[in-house]
Structure formats: C-alpha cells, structure tokens
Amino acid sequence: MNILFLGDIVGKGGRQAVLEMAPLLKKEFNCQFVVANAENVASGAGLSAKCIQEMTKEIDVFTSGDHVWDQKNFVSEIKQFTNVLRPGNVSKVQPGKCFGTFRNPACGEIAVINLLGRVFMRDGASCPFETADKILNEIPSNINCVIVDFHAEATSEKAAMAHFLDGRVTAVIGTHTHVQTNDCKILPKGTAFISDAGMAGAEYSILGRTVDSVLRKFISGMPERLPVVETGIRVDGVVISYGSNGRAATGIKTFSRISSI
Ligand SMILES: [Fe+2]
Ligand SMILES: [Fe+2]
C-alpha cells in the first residue's frame, strides 16, 4: 500500500496546484490515501472550513501546526471535521483532535498523529515525546499503518522523534520549514523518515511569500505584510509504502513537481 503525503499547502495557488496534481500523483505512485499539511491553506495563514471542503475530494486527512488558529473562525469550524488534526502536545482547552484512525477500502485502517516541535518554535507546546507515547497507547496494535506529522523547525528534533518512534510507527514526516530535505530513509526498526516534506507553494518565493516583502522584513527588521505568491506553484511531498509486516514501512521517496498554476 502507498500513502501520498503533501507538505504545507500555501494559499490559493497551493490549493489549486494540489487539486491539479494530486490525481496525477495518486495514479503515478499508486497511492490509496492522501495526508496533507493544511496549516497555511487559507490565504497562507491557518485553515478555513471552505478551504477544507474544497480540498476534501483529493485529501483524506489534513494535519496542521503552529498556524492552526490563525483564522479565528476555525476555532469553532474545526469541530465539524473528523479528518482535520491539530497538534497534540498543546493545552487540552484547544478544540479539535490530534490523532484519528481512518478506514480506507484499499488499505484498511490508518492512524494519523499530529505533533508540534519545541526547538526554535513559539512557546506553548509541551513535550512531544511524552505526548507521542500517550497517543500510541490509545492506538490499537492491529493498525499497521501509523503516520506522524511532526511539525517542527529543527532537523535535530525531527530526527530525534523519528528514532524515538522507530519500530512503533510507519512514518515520521517533518513539516513546517516548507523546504524539502534530501534525507528520506527507513530507520533500523522500520520507520520511514524525512526531516521535511516541503510545500505546495511558489517555486520563486521565500517559503511561499513574495521575495521583495521578505527581503524588506529581513533588511529593515520591521513588521511587513508578506503576500503569498499564487503562481508558479511546485508541489512537494513523499510517498510512503508499507505492507503487512507490523507497522514497518517498505519504502519512502520524495517528489517535487511544478504545476500549471
Ligand atoms: Fe508551521
Ligand atoms: Fe507552514
């Protein structure tokens, strides 16, 4: 079985590019299930019910990250979705859920978990390792595909999580930096890992934002509006393969494709 995992989808251009490319990628890689990080799906910052509804025909489960509450309405909207996750290692008062099991006719049951890193991130997250242990205790042992989206900045923290969970989950996929890394591998006990899946965002941009605005911000050190680039969109992600040998992955490979958007 093969799962398509897409990095952070940025804005309208990212959404359109994913709607165009996901059917082609699913066919090319024979994927039966799609997970995507949606923390930037609404105007580049946060999520909205409308965007999730628009993307649901191509994506089975949406994960998120530090930008999950950037759109105020989503605090109430998240409750209507069973397939949208917010990070788990945050205050219990936050609405929504951080993991779920999803039934797919071709793959059986798949569990997806969303966690937030703490290194070089805003405050507010508790220990992701402790939370991972707690969540895994709640996932039935007969589910042989468990995917973790570890939304974090530091490659060290992401690699540490992957080794911490090696043999206990099918894949630990990093998100958040919007830059795809060249380190995908299967760890000794069978867990597939990559530090960052990348993004669905503009090829000629800085993390999906206009080059000029980001440069002004860095050079002036002053607040700056950072418009999203909506054309020239590249779609990055990974394909995770697994069989029936416990939770072990059998493969992980990256892709990065320029869309027509
Ligand atoms: Fe993020
Ligand atoms: Fe992001």
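Note that the structure is predicted; figures quoted are calculated from it, not measured. When a ligand or atom number is given, it counts from 1 through the structure's own listing order.
With hydrogens and angles ignored, the 3.5 Å screen pairs a side-chain donor or acceptor of Glu20 with a backbone N or O of Ser260.
With sequence neighbours excluded, no residue forms a ring-ring contact (aromatic ring centres under 6.0 Å, His included) with Phe81. For Phe99, the ring-ring contact (aromatic ring centres under 6.0 Å, His included) criterion is met by no residue, not counting sequence neighbours.
Val68 is listed as a side-chain neighbour of Leu47, based on a closest heavy-atom distance under 4.5 Å.
Checked against Leu4 for a side chain to side chain contact (heavy atoms under 4.5 Å, CB included), the options Lys26, Met21, Gln32, Glu28 give a single hit: Lys26.
Take the Fe ion (ligand 2) and draw a sphere of radius 2.8 Å; the protein N/O/S atoms inside it number 4.
Applying the ring-ring contact (aromatic ring centres under 6.0 Å, His included) test to every pair with at least one member in residues 125-167, sequence neighbours left out, gives these pairs: Phe129-Phe164, His151-His176.
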